[in-house]
Amino acid sequence: MLPVRGRDGRAARAVRVLGIRTAWTPVGDGEFFCPGCGGDRNYQRLTGRRRLTLLGMPVLPRGTTGPVVECAACGHHFGTDVLDHPTTRRFAAMLRDAVHTVALAVLTADGTCSRTALETAAGAVRAAGFDECTEDRLQALAEAVTADTGRVLGGPCGTSLAIELHEALDPLAPHLSTPGRESLLLQAARIALADGPYTPAERDTLTTVGAALTICADDVSRLLAAARTPS
């Protein structure tokens with residue numbers, strides 16, 4: 001092979017002679033949703049120290065880098081913001097709890113709940129993952145909530161109830177697409193409509209649900225009207 005000549009050749013040799021190497025140190029681990037693999041994977045959280053190398057040997061420190069998240073399966077590095085995304089299992093649990101909380105809030109909006117509303121709510125909760133949810137269990141919970149007058153103090157959708165809805169929905173909303181958030185509100189609306197038109201208390205509760213899902217007021221009104229239209 002002929003030797004490389006000229007300025008480009010000298011630059012290429014310099015690159016081969018000098019380089020940057022990063023030594024990674026694990027500082028934590030866990031499970032995350034890997035955007036590269038598209039599923040739940042184990043990870044290591046790494047911090048790195050960069051060094052200038054001469055002929056492959058580290059000679060001078062060049063500062064720190066990271067931290068990064070390294071997937072144990074694909075080996076790719078990601079920013080630590082990927083840990084904000086829930087794992088598939090965690091997301092399913094968040095959605096299940098949100099559906100249960102919303103269903104119970106709608107059922108207890110007026111202080112009473114009909115059998116048809118209970119059947120609709122129980123079906124939604126079972127579909128979300130609470131396989132053993134029954135109408136009787138929901139009714140017992142609704143009666144306990146209704147008896148807890150402090151929970152609904154301050155109006156049809158009182159402060160305590162609004163706090164519970166936000167606690168269940170606020171962490172979930174950023175990870176739901178617009179159709180997903182709207183579907184959850186429509187599901188709640190159908191529970192309210194199972195035994196007749198919306199009551200003022202039910203509408204107030206549904207408005208709170210929409211706000212917690214970061215759906216604007218105009219879209220909440222549109223969706224509540226759409227839920228009344230037979231599919």
Side-chain angles (χ1 to χ4, degrees), residues 30-43 71 73 82-110 112-146 148 151-152 157 160-195 198 202 205-215 219-220 223-224 226-227 231:
E31 186 179 52
F32 80 131
F33 181 88
C34 176
C37 298
D40 295 347
R41 300 291 187 268
N42 292 325
Y43 74 86
C71 176
V82 297
L83 300 180
D84 295 334
H85 192 292
T87 64
T88 302
R89 284 184 287 273
R90 176 58 183 154
F91 179 79
M94 292 166 64
L95 183 59
R96 179 194 63 202
D97 292 344
V99 170
H100 186 272
T101 300
V102 168
L104 195 58
V106 175
L107 287 174
T108 58
D110 289 315
T112 59
C113 52
S114 70
R115 195 66 188 177
T116 53
L118 278 169
E119 291 172 355
T120 304
V125 173
R126 284 194 295 270
F130 276 117
D131 298 335
E132 298 181 357
C133 178
T134 64
E135 290 84 349
D136 290 341
R137 288 188 178 185
L138 269 184
Q139 184 172 22
L141 281 173
E143 289 173 352
V145 167
T146 302
D148 184 7
R151 182 175 187 268
V152 293
C157 187
S160 296
L161 178 55
I163 289 173
E164 289 186 27
L165 285 171
H166 278 281
E167 286 178 346
L169 298 177
D170 285 354
L172 177 67
H175 306 294
L176 286 173
S177 64
T178 297
R181 288 182 280 118
E182 292 185 349
S183 176
L184 189 51
L185 178 60
L186 284 170
Q187 188 177 69
R190 294 186 183 107
I191 295 171
L193 291 168
D195 56 358
Y198 301 122
E202 288 172 339
T205 297
L206 292 169
T207 299
T208 301
V209 170
L213 289 169
T214 66
I215 301 174
D219 284 339
V220 169
L223 292 165
L224 297 189
S231 56

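These numbers come from a predicted model, not from an experiment. Throughout, residue positions are numbered sequentially from 1 according to the sequence presented.
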Q: Rounded at 0.5 Å granularity, tell me how far CD in Glu202 sits from CG in Leu193.
A: 7.5 Å
Q: Rounded to the nearest 0.5 Å, what separates atom NE2 in His175 from atom CZ in Phe33?
A: 11.5 Å
Q: Kindly give the heavy-atom pair with the smallest separation between Pro174 and Pro171, and that separation in Å.
A: CD-O, 3.6 Å
Q: Can you list the residues that meet the salt bridge (charged side-chain N to carboxylate O under 4.0 Å, His left out) rule with Glu31, with sequence neighbours excluded?
A: Arg89
Q: Decide yes or no for Val82 and Tyr43: does some side-chain heavy atom of the first lie under 4.5 Å from some side-chain heavy atom of the second?
A: no
Q: Side chains of Leu184 and Leu169, heavy atoms from C-beta outward: is any pair under 4.5 Å?
A: yes
Q: Going by the rule side chain to side chain contact (heavy atoms under 4.5 Å, CB included), which residues pair with Cys34 if we only count those two or more places apart in sequence or in a different chain?
A: Phe32, Cys37, Arg41, Cys71, Cys74, Phe78
Q: If a pair satisfies salt bridge (Lys or Arg N to Asp or Glu O under 4.0 Å) and one of its residues is in residues 112-123, list it, with sequence neighbours excluded.
A: Arg115-Asp136
Q: For a quick test of reading the model, state the closest non-hydrogen atom pair linking Thr134 to Ala122 and the distance between them.
A: C-CB, 4.1 Å
Q: Determine the sole option in Leu138, Val99, Asp97 for which the side-chain contact (heavy atoms from CB on, under 4.5 Å) test with Phe130 is passed.
A: Asp97
Q: Going by salt bridge (charged side-chain N to carboxylate O under 4.0 Å, His left out), name the residues that satisfy it together with Asp131, two or more places apart in sequence or in a different chain.
A: none
Q: Identify the heavy atoms of Ala98 and Leu172 that sit nearest to each other, and give their distance.
A: CB-CD2, 3.6 Å
Q: Identify the heavy atoms of Ala105 and Leu165 that sit nearest to each other, and give their distance.
A: CB-CD2, 3.8 Å
Q: Which heavy-atom pair separates Ala188 from Val102 by the least distance, and what is that distance?
A: CB-CG1, 3.3 Å
Q: Closest approach of Val125 and Ala103, non-hydrogen atoms and distance?
A: CG2-CB, 3.9 Å
Q: Quick one: OH on Tyr198 to OG1 on Thr205, what's the gap to the nearest 0.5 Å?
A: 12.0 Å
Q: List in chain and number order the residues that pass side-chain hydrogen bond (donor to acceptor under 3.5 Å, both in side chains) with Asp195, two or more places apart in sequence or in another chain; answer none if no residue qualifies.
A: Ser114
Q: Considering residues at least two apart in sequence or located in another chain, which fulfil the side-chain hydrogen bond (donor to acceptor under 3.5 Å, both in side chains) criterion with His100?
A: none
Q: Side-chain contact test, heavy atoms from C-beta onward, threshold under 4.5 Å: evaluate it for Leu223 versus Leu206 and give yes or no.
A: no
Q: Quick one: CG on Leu213 to CG on Leu176, what's the gap to the nearest 0.5 Å?
A: 7.0 Å
Q: Can you tell me how far apart CD (Glu135) and CG (Leu107) are? Round to the nearest 0.5 Å.
A: 10.5 Å
Q: What is the distance from atom CG of Asp40 to atom OG1 of Thr87, rounded to the nearest 0.5 Å?
A: 4.5 Å
